[in-house]
Student: 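Okay, here's the structure, questions in a sec.
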Protein chains: 2
Amino acid sequence: VIPSQTPIASQIPADPRLARLSLNQATTQHWTVRQAVDGCVRAGIGAIGLWRGPVAQAGLADSARMVTDAGLRVSSLCRGGFLTALEPAARRAALDDNRRALEEADALDAACLVVVVGGLPAGDRDLLGARHRVADAVAELAPYAGGCGVRLALEPLHPMYCADRAVLSTLKQALDLAESFPVDQVAVVVDTFHSWWDPEVWEQIARSRGRIASFQVCDFLTPLPADVLLGRGMMGDGHVDFPPFVAAVEAAGYAGDVEVEIFNAEVWAADYDEVLALMKARYLTCVLG
Amino acid sequence: VIPSQTPIASQIPADPRLARLSLNQATTQHWTVRQAVDGCVRAGIGAIGLWRGPVAQAGLADSARMVTDAGLRVSSLCRGGFLTALEPAARRAALDDNRRALEEADALDAACLVVVVGGLPAGDRDLLGARHRVADAVAELAPYAGGCGVRLALEPLHPMYCADRAVLSTLKQALDLAESFPVDQVAVVVDTFHSWWDPEVWEQIARSRGRIASFQVCDFLTPLPADVLLGRGMMGDGHVDFPPFVAAVEAAGYAGDVEVEIFNAEVWAADYDEVLALMKARYLTCVLG
C-alpha cells in the first residue's frame, strides 16, 4: 500500500547538477524499496538502482508502482550473473535465474541488468575455461535480453574478486565480450572502484561508444577492511580521482545516470538520510569536481 | 661467526627437479639469514632470495659469506623501490636508498634487486603523475644498476595494492617501462600471486624475452585475510594454476630460479623446516605439475 501523501520527485526542487545522480540501493543496505524510494524523493534524487532481494520482498509489481509513482528512473537492476558453474544442472539453474532477472528488470523498466559473471567453481583453477563458460552463457542470454528490452551490463570486477566473484577483471575483457553481441543486448558497467587502477581504462572507455549501460561511482579505501567486499567508500574518502571518469564516459557518449554504490559497514550503520545528504555533497564536490 | 660444521648445499643429495627452487626469505619471516641459509642447506634447496632487513641485522659481508660458504645462489634481494614521493627531499632519500640496495645486491651477488615501485603519496590521487615519477626514478637508477652489475627487477603488484604499494599493476606496464632501458639494467618480476588474474599475462610473458629477472610463486587465497598483504598462500592452497606459468616463462627464455615467497600468518607461525618440506613437495606437485 502506497500512502497517498508520498511526495513526487518532480515536485522537489533539486540542484540541476544532481539531475543524473542515482542511489544504488546497496548503499542503503537496510532500507526496503519503499524506504529507499521515499528517501530518494526526500533528497531530490531522481533515480535508483534496485536490488533483486529487496524488490522480491516488496513484490515486483508493487516495487514497479512505487518507483513509477515517485517519478524515479530505475538506473539498473542488480544483479544477474554467476554463470561459471561446471555442472549442467547448476548451469541451467543460473541461466533460468538470469532470465527471471531480465524479466524483473523489464517489469521495473530498468535501464539494464548488472551482471557479475561469477568466479572459479570450488577447487577449479581453469580461469580460461570459466571465461569461456561466461561467453557461452552471455550468448545464450543475449537474445532473451533483447526480447525483454533490457541490456545485460557486464561488470568487470576488481581483480581481487577474480577467484570468487568475477572472472572478468578489466573493461577490455568486458568490451571484447560485449562487442560480439548487438549493442542493445549486451553492454558494460564502468565502476570507478573496480577500474580506477587499470592503466588501459581511458583507452577502453574511449573505445566503448554506445556500450556503457551503467556508470557506478564510489571510492577505493586503504587499508582494505577485513571483508574486502566492504572496501567501497564514500567518494572523497579514498584514492579515486573521479572527474576524469565523468569526462571520459561522457566523451564516450554515456548520458545515463551516475549510480553511487557503496558497500561499507560504517555507511550501512549510519542514518540513511544523512548518507544521502553526504552523497549529494560529495557527488558535487568530488565526482563532478 | 660461521660454525665450521655448516653443511654445504652441494653435499646434500637433492631431487634434481628441485634444482631451481629458491626460498624467498619472507616465507620464513622469523629466521635470521644464518637460520635461513642453514635451513635451505638442510632441505637441499640451492638458492635463496634475501631481504635487506635481516641482511642488515646479520651484516652485509657476513651474509655474503654465509651464502657463499653454503654454496647457495642468491636469486634476488628484496627490495628497492618506493619511488613515488612528491617532496624533493623524500625523493632524493628514496633514490639514495635504492643505490645502497643495488650496492648490497652487488655485494651479495644477487641476480637482481626486486623493486616495488610505491603507491600514491598520502592524499594524492594523481595516479598518472605517480607512474611518471616512477619512470623518472628508474631512468636515474638504471645506469647505477648497470655499474653495480645488478638488474632492477620491476615488480607489478596485484591491483589491490595500487594505492599503497605499487602503481605498476600489470606485467605490460612493467615491460613497457623496462624496455626503455638496457636489458642488463632493467627487467621485471613475474609473480603468480600478482598476475594470475591478468587476461594479458601470457601474451606479456611471451613478449618479455630476456626481461624476466625473477620468477616468484605462491598461491592466491580466498577469502583474503584481514590484512590483504598476507593473502599469499602455499602453492596448492588457492586458485592459481602454476604449470602454465612455468611453461610460459621457460618458453620466454627464463632459466633462473623459482622463488617461493609467501606472506602468510599461519606459515609464519609454523615450524620452518616443515614449511620447507611442504614447499618442496608442493613445488613438485603443484608448480612443476
Side-chain angles (χ1 to χ4, degrees), chain A residues 119-131 156-174 176-177 192-202 219-229 231 233 235-236 238-245 286 289, chain B residues 119-131 156-174 176-177 192-202 219-229 231 233 235-236 238-245 286 289:
Chain A
L120 290 169
D124 185 70
R125 295 185 176 85
D126 180 9
L127 189 51
L128 205 60
R131 288 173 178 154
L157 256 55
H158 193 285
M160 69 184 158
Y161 307 124
C162 183
D164 53 3
R165 298 254 151 195
V167 294
L168 293 187
S169 304
T170 65
L171 198 54
K172 179 173 190 304
Q173 286 178 290
D176 285 349
L177 178 52
T192 55
F193 177 88
H194 295 306
S195 298
W196 76 278
W197 61 272
D198 184 350
E200 298 183 11
V201 70
W202 311 117
D219 218 329
F220 188 97
L221 305 179
T222 54
L224 284 163
D227 180 348
V228 293
L229 277 180
M235 301 81 75
H239 303 281
V240 175
D241 187 19
F242 293 95
F245 272 94
C286 299
Chain B
L120 290 169
D124 186 69
R125 295 184 175 85
D126 179 9
L127 189 51
L128 203 62
R131 288 174 177 152
L157 256 55
H158 193 286
M160 68 184 157
Y161 307 123
C162 183
D164 52 2
R165 298 252 152 197
V167 294
L168 293 187
S169 304
T170 65
L171 199 53
K172 179 173 191 300
Q173 285 179 291
D176 284 350
L177 178 52
T192 56
F193 177 89
H194 294 306
S195 298
W196 76 279
W197 62 272
D198 184 351
E200 299 184 10
V201 71
W202 312 117
D219 219 328
F220 188 97
L221 305 180
T222 53
L224 285 163
D227 180 348
V228 293
L229 277 179
M235 299 81 75
H239 303 281
V240 175
D241 187 20
F242 294 95
F245 271 95
C286 299

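Just so you know, these numbers use all the heavy atoms, side chains as well, and skip hydrogens, waters and symmetry mates. Each chain gets a letter, A, B and so on, in the order the sequences are listed, and its residues count up from 1.
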Student: Which atom pairs, donor and acceptor, lie under 3.5 Å between side-chain atoms of residues 195-202 of chain B and protein residues at least two apart or in another chain?
Tutor:
| unit_1 | atom_1 | unit_2 | atom_2 | d |
| --- | --- | --- | --- | --- |
| B:Trp197 | NE1 | B:His194 | O | 2.8 |
| B:Asp198 | OD1 | B:Glu200 | N | 2.9 |

Student: Check each atom of B:Leu224 against the heavy atoms of chain A and say whether the ones under 4.5 Å are side chain, backbone, both or neither.
Tutor: both
Student: Of the backbone (N, CA, C, O) and the side chain (C-beta and beyond), which part of A:Pro159 lies under 4.5 Å from a heavy atom of chain B, both, or neither?
Tutor: both
Student: At a 4.5 Å cut-off on heavy atoms, which part of A:Leu127 comes close to chain B: side chain, backbone, both, or neither?
Tutor: side chain
Student: Starting at CG of B:Asp164, measure out to NE2 of A:His239 and round the result to the nearest 0.5 Å.
Tutor: 6.5 Å
Student: Of all heavy-atom pairs between A:Arg125 and B:Val240, which one has the smallest distance, and what is that distance?
Tutor: CD-O, 3.1 Å
Student: Determine the minimum heavy-atom distance between A:His158 and B:Met160, stating which atoms define it.
Tutor: CE1-N, 3.3 Å
Student: Are the side chains of A:Val228 and B:Val228 in touch, meaning some heavy atoms are under 4.5 Å apart?
Tutor: yes
